[in-house]
Number of protein chains: 4
Amino acid sequence: MAVKRNTESRKQPSQERSKKMVEKILKATREVLLKDGVDGLSTRKIAAQAGISTGSLYQYFPNKLAVVKAIYSACLEDVISDLEVLVDIPPMSIGEFMETLDTRLDRFYTPEKYSESSPDRAFELELFKAMNIFKELREIDEQHERNVVNVLANGLAKVFVDQSPDNLLRVSTYLYGIHTAFDEILVAGICESAPLLIPHKKAMVAVIQTLE
Amino acid sequence: MAVKRNTESRKQPSQERSKKMVEKILKATREVLLKDGVDGLSTRKIAAQAGISTGSLYQYFPNKLAVVKAIYSACLEDVISDLEVLVDIPPMSIGEFMETLDTRLDRFYTPEKYSESSPDRAFELELFKAMNIFKELREIDEQHERNVVNVLANGLAKVFVDQSPDNLLRVSTYLYGIHTAFDEILVAGICESAPLLIPHKKAMVAVIQTLE
Amino acid sequence: MAVKRNTESRKQPSQERSKKMVEKILKATREVLLKDGVDGLSTRKIAAQAGISTGSLYQYFPNKLAVVKAIYSACLEDVISDLEVLVDIPPMSIGEFMETLDTRLDRFYTPEKYSESSPDRAFELELFKAMNIFKELREIDEQHERNVVNVLANGLAKVFVDQSPDNLLRVSTYLYGIHTAFDEILVAGICESAPLLIPHKKAMVAVIQTLE
Amino acid sequence: MAVKRNTESRKQPSQERSKKMVEKILKATREVLLKDGVDGLSTRKIAAQAGISTGSLYQYFPNKLAVVKAIYSACLEDVISDLEVLVDIPPMSIGEFMETLDTRLDRFYTPEKYSESSPDRAFELELFKAMNIFKELREIDEQHERNVVNVLANGLAKVFVDQSPDNLLRVSTYLYGIHTAFDEILVAGICESAPLLIPHKKAMVAVIQTLE
DNA sequence: CATGAATGAGGGTTCATTCAT
DNA sequence: GATGAATGAACCCTCATTCAT
């Protein structure tokens, strides 16, 4: 790719028409990504898939990277909003929390979510991995990591009020790390999700227990 | 990239001179990878960084992919040989094993190994992630994953003799997953290794306990 | 060269503009071929000669071979359509045919056609010879040879009804061979056409007489 | 290729050793040419086939073209010496000559020579055609053509003493042209030689009769 | 706004030729 | 002399980006 200029959207999709175009482009990009992978992604293919001209693409995005960035950011937002289920913790004691932890994890790691890792998830992971090659996307990724970890840490802080922020951040970081690892294993299709949920939850619990 | 030919080294570095050249090329490649990412890796840059001509590069490697493969494979071999410490389990009962597990993990996760995640390790992880986009390297990666998991499973089988191979493989897969996650966090420099070792070991233990 | 993909024109020159571009490229290719030979033909030179960019060339042809193919095919078509004059034989007896053969050959080998072997013809012959090294063009050439010979044989079959197809094909092959030789001599400029027409026609007649 | 410098042999093979080396190189080149064609010919392959180093090749030939030139010239000399059979005409009248012409042609076009177009002949023709792509070899070819035609014309001059040199040259040129065409047909394997000899000889005779 | 032809730098790779050993 | 590693120009081709229409 080797893109240099600003990578922001060239215009706010203030008009309905524009919004639709942006959507169309993003959708097409996702499709091309799924079909041909990151190194098979080209503006020509995106435009063709979207049924527009390459020139039009540049009316809505300053360059190719911006398109991928948009997709990537949206994907990361999904992850954040997904996590908020875990994080929405009403005030409770550590004891109460630990007692309900299992249920809580069950609610988060529903079999449905993992039983059939939908193409969507497969795509997200694909994208996620692929992003490693674009240096410019690293900062987004790092910011995202920080966001996620903060969200988790804030949630845990409501329960483990005596823990230092450092500790909470550390544990959150680790939790997110093994969560991602779990995701990757499932998406890679190495193991089925159901039997793997047990060790995963045990690991999560064990890690959180270090905060007690 | 899309390379088709054989991607083995073009000649055995039988002579001292050749060996040095290969080293020089691999070193240069690592440097370019670190600086410009996979996306920015080109044979021209490698040659420039190594202070040789592009033609010379092709005297030692049949194509670009082969260079990356060489680096990648070496990196994976390191991982395997590293793991063998964990795997060398003398016959013992589950009880004995669980008792010594903590010591065992301490021996594996020595602070020295992680205290200063050397630039080398940082690079390896970079590479590791990046490889996801090259289909031909995926095979290597998947084979590696299988190797690692088998090594682990075989080790655990000596202790958990009653467990089904499936179960052992599953747990091993997961263990390797969170091991990698732990690695990545440390290499990314998000957390220091020492305090993170505690939750990580707890997680490992918890997962292994599911085999009891 | 060694080109693999499809070697057809990338787009129908439906628009006037495209047609002009294709023409420009073909013209430039002819010029480069005449100046530097097949050996010196490169996409860069073609583009430079045509006053376009290398990229543009690939908008109209999928690869270098396709450009040469286009020129070559056009050249072969000319040959075929040229021959149709000879082939348009109304039903007649062998005696009648042999009597009119000389006239017939006169009509085919008009002095105008050969008096000024235009640069175009010179080029075509150049190309014709040169093509022998490109395997993919050989097929075209062989197919062309078969077409020409069939056309001739079918023509002769109308007169020499008792001859075996084998014989007709053999004689046609030979006739085409010496026709080409005649062409080459004239194009090479070794001899003037007018005086050479006499032995050539004698040879043609003598060969055809073997069918009587 | 694109070779520019002098294309003469770098040294006279004064010493026995040198002569052997030159032979070895030429033999290897022929083998590579037969196997991989002109566009597959490289100094590396020649050296490998000859069992020497590329450097050594340049001790005996200034560049790649010189090697091909050497082979080509040798090949052309063979053609000349072959023709001398036809040309060695004792003084005789036109009548005598025409009477013996058929025998003469029989002696030249022996079935053995053509029945099994030996690999050698196949190679020569291959080379012959291939040379069309090397502008530098054209002059050799043209000189050769002139030589051959002169040889023929001189031979015919002994019989057709009243003919103008121009006429003799013209007829010789044409005779050589159709001779070459005949050769090509046989080498291409389109027709078997035996039945084709009849029309070919008829054509030769018819052409020579124009001198009467 | 939309188009898509045109651009041209840059990609991977080859190979004739040289030169230190 | 012989070697073969090293060179680097040149090869064919792609693709992000621009701009005249």
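Keep in mind that this is a model prediction, so the values were computed, not measured. Just so it is clear, the values below take in all heavy atoms, side chains as well, and ignore hydrogens, waters and symmetry mates. Lettering follows sequence order; numbering is per chain, from 1.
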Is there side-chain contact between [X] and [Y], with at least one heavy-atom pair below 4.5 Å?
| X | Y | value |
| --- | --- | --- |
| I52(B) | M21(B) | yes |
| T43(D) | N63(D) | no |
| F61(D) | L26(D) | yes |
| Y72(B) | D141(B) | yes |

If you look at every strand shown and take non-hydrogen atoms under 4.0 Å, does [X] touch a base, only sugar-phosphate, or nothing?
| X | value |
| --- | --- |
| T43(B) | base |
| R17(D) | sugar-phosphate |
| I46(A) | nothing |

[X] side chain vs [Y] backbone, donor-acceptor pair below 3.5 Å:
| X | Y | value |
| --- | --- | --- |
| K45(A) | G40(A) | yes |
| K64(A) | L41(A) | yes |
| S73(A) | K69(A) | yes |

Determine, for K27(C) against E31(C), whether the closest basic-nitrogen to carboxylate-oxygen distance falls under 4.0 angstrom. yes

d([atom1], [X]; [atom2], [N]) in whole Å:
| X | N | atom1 | atom2 | value |
| --- | --- | --- | --- | --- |
| K24(C) | dA5(E) | NZ | P | 14 Å |
| M21(D) | dG1(F) | CE | C1' | 9 Å |
| D39(A) | dG11(E) | CG | P | 16 Å |
| Y58(A) | dT18(F) | OH | P | 7 Å |
| K64(C) | dA10(F) | NZ | C1' | 11 Å |
| Q59(C) | dA16(F) | CD | C1' | 13 Å |
| K45(D) | dA16(E) | NZ | C1' | 14 Å |
| F61(C) | dC12(F) | CZ | P | 15 Å |

Expected output is a numbered-order residue list: members of residues 48-57 of chain B with a heavy atom under 4.0 Å from any atom of DNA chain E. What is it? T54(B), G55(B)

Look at the side chain of Y60(A) and decide which nucleotide, out of dG11(E), dT17(F), dC1(E), has an atom nearest to it. dC1(E)

Proximal nucleotide (of dT14(E), dA2(E), dC13(F)) relative to the R44(C) side chain: dC13(F)

Pairing pattern in dot-bracket form [Watson-Crick, G-U; both distances under 3.5 Å; | = partner strand] for DNA chain F: .||||||||||||||||||||

Criterion side chain to side chain contact (heavy atoms under 4.5 Å, CB included) on L137(D) and I140(D), from CA distance to verdict: CA-CA 5 Å; L137(D) 295 181; I140(D) 300 184; 3.8 Å; yes

